[in-house]
Protein chains: 2
Amino acid sequence: MRSGQPTINDVARLAGVSKKTVSRVINRSPLLGPDTRAQVEAVIGQLGYVPNPQARALALRRNFLVGLVHDNANAQTVMSVQRGMLEGLRGTEFEMVVRPLDRDAATMSADLRHFLERQRLHGVLLLPPISEDDAVAALCAELGCRYVRMGSAPLDDAARSVASDDRAAVRSAVAFLIEQGHRRIGLIAGPPGFRSGTERRLGFEDALADAGLAVAEELVAPGRYTFASGLEAAERLLDRVPRPTAIFACNDEMAAGVIHAAHDRGLAVPRDLSVVGFDDTPTAAQAWPPLTTVRWPVVDMARAAARKLIATPDAPDEPALFPSALVQRRSVSIPAA
Amino acid sequence: MRSGQPTINDVARLAGVSKKTVSRVINRSPLLGPDTRAQVEAVIGQLGYVPNPQARALALRRNFLVGLVHDNANAQTVMSVQRGMLEGLRGTEFEMVVRPLDRDAATMSADLRHFLERQRLHGVLLLPPISEDDAVAALCAELGCRYVRMGSAPLDDAARSVASDDRAAVRSAVAFLIEQGHRRIGLIAGPPGFRSGTERRLGFEDALADAGLAVAEELVAPGRYTFASGLEAAERLLDRVPRPTAIFACNDEMAAGVIHAAHDRGLAVPRDLSVVGFDDTPTAAQAWPPLTTVRWPVVDMARAAARKLIATPDAPDEPALFPSALVQRRSVSIPAA
DNA sequence: TTGTACGCGTTATCAT
DNA sequence: ATGATAACGCGTACAA
């Protein structure tokens, strides 16, 4: 302990045992004399010794780092995910590293491989839409990196997946709109290639089918999950005659765009148009009027995902499926006569 | 290279040189035969060799990790910072680890120390408000960890600081309001203990003084940088008689709250009330009406900060002061007669 | 200009 | 149950 931290050698010397014994104490080896353990633990406490993560990483060929790999997702969502992961990691020796990826780059797969090979992370959480790519998961597996995929529907076995049931959630959200008396309901879809978009659209269709309603293609507009695309889609939808009395947007950003578009043409929400979003990001609460939306339990999923990533074989299982719920605010009312 | 990555030894063997020579090539040592270098580089390329960061970290007692340390900041801001940092780090061997801290926890300082001691980061970016704490900077220095402090005014020497000039920025924003004809201008202040709050308030007072106007204490309300606090403060301000014709809120979240409050009592923005925010987060563009605000160049600051953190002595200096600018949207107009 | 020997702090192997 | 010794992959004295 000449300078800086005490090392395992210092502990071993002071405790009068070998390095390996100290290592066993740290790693909770079952085969250890109780007195030895107590003795070593005392010295550890007294010295304030903490194992050096770099040395461990080298010896174990595995870092005490958990990665968040995402591409292009919504900023609010990414922040919530980070919050959840850090909650799941709190009190452990793991840290979180964040790695955005450019899905459009031809080198995306190579970038990820390079990252994983070099950093030797303990595990990674894959966010949608990249989590939906089986090749990416296969790459993680090939490189011996644990992973958990987050999605709008289960993407893998329970140990490697956290998911919501977006289809069911949207189904009941749109059912709520129908209960309120809406019959002409517009849909702003998600971008192609997003599983969440597919699931949410299916939920929309389910609800209409449940009520014996047909899906009017003229009331379905494509979106890209951005505010601007929501605004644009809403303008198209609001041009239809007769106008839809309600619009379900596949995420809150687009729903905010819908509210914006309605205001722009002097339509009052919800009097002239009811709006429902999805995600329950802060955007939803801060829109005017506050947006009725479906809560996507992203913090809970991320927390569970982190725990799955660092779980030891004996740890209790974390849930893999998380319930969504309709958050009723003020953007929905009975349609005007 | 029996399994997995090739190591420095594999390169040395294949190139017919010693480890150390390879090491010199990697680290760009000046004293090296050109042929040797070319030869080694060829083998490196052929093998696809990349140095193992864990081993380097152990030997160098320093990680190729750059940390983002923040507490309690706005989610949008944190995301922008991450984006900027990752841009600054792109193409380098550095990764970003994110570390939130709870400023209210009594153990905050100990937590940070523990984190820095263990992880041996190459450097950390400190976000406000924690960046304003000199004790935190001193702690980094003591532990031999490079740091850069981000702030609303320079907090350290140019090599360790990235800053905007919020005072000047707000001064000209409020001057713009006065030019439009506003005389009763409300202020929603930032929370106590935030340098940004102080600076922005000073800028507000500057502008009023420039125009020969007095600061009416009844038109100043405290805020906590949250949407809810902005809404609350706006309600208080809008109760004043006569009503203010404009409100400057010290950040966009609170300004969104102001718009919300105005709508709630049937006031049109900007006809009945002009609103200006600060930060230029997505919130501002998505409010209705779109919010006139001051752009806080957070991405640029973060990018520069990252470059400062990983700069070698010969690298060109990154700027330390970043200009803000008023972003004019639709929440400001001439006051109604 | 290049190579040898060793240290960084930990875990793993194989003894006892 | 515990210990000696060898990895792990790279950097640095110091020597050549």
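Lettering of chains follows the sequences in order, A, B, ..., and the numbering in each one begins at 1.
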Pair of N/O donor and acceptor under 3.5 Å linking D:dG11 base with B:Arg61 side chain: no

Quiz item: B:Lys19 side-chain donor-acceptor pair to D:dG11 base, under 3.5 Å: yes

Under 4.0 angstrom between [X] side-chain N/O and [N] OP1 or OP2:
X       : N      : result
A:Thr36 : D:dT2  : yes
A:Arg56 : C:dT11 : yes
B:Thr7  : D:dG9  : no

A:Arg56 and A:Asn27: side chain donor to acceptor below 3.5 Å: yes

Divergence of helical axes at both termini of the helix from C:dT1-D:dA16 to C:dT16-D:dA1 - five pairs an end, 10° steps: 30°

N/O donor-acceptor pair under 3.5 Å between [X] side chain and [Y] backbone:
X        : Y        : answer
B:Gln54  : A:Ala57  : no
A:Arg28  : A:Ile26  : yes
B:Ser196 : B:Ser152 : no
B:Arg146 : B:Val66  : no

Toward the 5' end of DNA chain D, by each residue's nearest nucleotide, A:Pro34 or B:Ser23: A:Pro34

What is the distance, to the nearest angstrom, from the [atom1] atom on [X] to the [atom2] atom on [N]?
X        : N      : atom1 : atom2 : result
A:Arg13  : D:dT2  : CZ    : C1'   : 19 Å
B:Lys20  : C:dT4  : NZ    : P     : 14 Å
B:Gln54  : C:dT10 : CD    : C1'   : 13 Å
A:Arg120 : C:dT11 : CZ    : P     : 16 Å
A:Asn63  : C:dG9  : CG    : P     : 17 Å
B:Ile26  : C:dT2  : CD1   : C1'   : 16 Å
A:Gln39  : D:dA1  : CD    : C1'   : 15 Å
A:Tyr49  : C:dG9  : OH    : P     : 10 Å

Looking only at the side chain of [X] (C-beta and beyond, no hydrogens), which of the listed nucleotides [options] gets closest?
X       : options               : result
A:Asn52 : D:dG9, C:dT10, D:dC10 : C:dT10
A:Thr21 : D:dT2, D:dC10, C:dT10 : D:dT2
A:Ser18 : D:dG3, C:dT11, D:dC14 : D:dG3
B:Leu58 : D:dC10, C:dC14, C:dC8 : C:dC8

Would you mind classifying the nucleic acid contact of [X] as base, sugar-phosphate or nothing, using non-hydrogen atoms under 4.0 angstrom?
X       : value
A:Phe64 : nothing
B:Leu60 : sugar-phosphate
A:Ile8  : base
B:Val22 : nothing

Validation row: A:Arg118, B:Glu93 side chains within 4.5 angstrom (heavy atoms): yes

A:Asn27 vs B:Ala55, nearer the 5' end of DNA chain C by closest nucleotide: B:Ala55

Sequence-distant partners of A:Ser18, side chain to side chain donor-acceptor pair (under 3.5 Å), two or more places apart: A:Thr21

Any pair counted as ring-ring contact (aromatic ring centres under 6.0 Å, His included), so long as it reaches residues 9-68 of chain B, sequence neighbours left out: B:Phe64-B:Phe94

